[in-house]
J.: 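This is the structure I have questions about; it appears just below.
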Amino acid sequence: MILEGVGTQLEIVEEATAIRHKISMAFERAERSATEEEARAWLTFVIVGAGATGMELGRCTRRNFQETLRHDFRRSIRPKRESF
């Protein structure tokens with residue numbers, strides 16, 4: 001069961017696109033946050049499900065964070081501070 005307004009299931013490409021959009025928007029909001037606490041709240045993600053899809057989502061999110069997003073969001077992402 002998906003919690004309405006909180007979670008997103010991942011079964012089809014359109015749902016993957018929606019998740020990617022939500023993650024991108026979270027980084028945008030963290031970049032504009034007034035406080036570090038608020039930014040960290042926007043950058044806290046939870047992946048429920050350790051099957052192949054959940055593991056792949058976590059791996060791709062981490063790689064995107066390490067290789068791409070940290071160059072685009074220099075204020076929000078500080079590699080020494082972040083962990084996966």
Side-chain angles (χ1 to χ4, degrees):
M1 177 179 167
I2 302 300
L3 297 174
E4 193 64 38
V6 178
T8 304
Q9 64 185 30
L10 178 55
E11 293 181 0
I12 59 176
V13 173
E14 290 79 10
E15 292 166 344
T17 302
I19 291 170
R20 183 177 179 178
H21 177 73
K22 286 182 178 185
I23 291 172
S24 295
M25 291 308 299
F27 277 91
E28 291 283 348
R29 289 183 176 186
E31 192 72 6
R32 295 184 306 232
S33 295
T35 66
E36 187 171 328
E37 279 184 2
E38 184 182 354
R40 288 194 63 78
W42 279 111
L43 297 178
T44 300
F45 304 100
V46 176
I47 299 172
V48 178
T53 304
M55 297 298 285
E56 183 69 10
L57 176 62
R59 185 186 67 77
C60 289
T61 301
R62 180 176 188 223
R63 183 172 41 178
N64 191 26
F65 163 77
Q66 291 176 329
E67 296 176 6
T68 305
L69 294 176
R70 72 182 180 142
H71 301 293
D72 296 331
F73 298 97
R74 296 180 188 273
R75 181 175 169 263
S76 300
I77 302 172
R78 297 183 195 117
K80 291 180 181 177
R81 182 185 76 183
E82 309 303 334
S83 63
F84 248 87

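The residues of the chain are indexed from 1 along the displayed sequence. All values derive from a computational prediction rather than experimental measurement.
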J.: Compare every heavy atom of Ala26 with every heavy atom of Trp42, then report the nearest pair and how far apart it is.
T.: O-CB, 3.4 Å
J.: Salt bridge or not between Arg59 and Glu56? Use side-chain N to carboxylate O under 4.0 Å.
T.: yes
J.: In the single-linkage hydrophobic clustering (I, L, V, M, F, W, Y; side-chain heavy atoms under 4.5 Å), do Ile19 and Phe45 co-cluster?
T.: yes
J.: I need the Ile23 CD1 to Asn64 CG distance, nearest 0.5 Å.
T.: 8.0 Å
J.: Is Leu57 close to Thr53 at the side-chain level, that is, under 4.5 Å between some pair of heavy atoms?
T.: no
J.: Tell me if a side-chain donor or acceptor on Glu15 pairs with a main-chain N or O of Ile12 at a distance below 3.5 Å.
T.: yes
J.: Would you give the length of the straight line joining atom CD of Glu31 to atom CG of Leu43, rounded to the nearest 0.5 angstrom?
T.: 9.0 Å
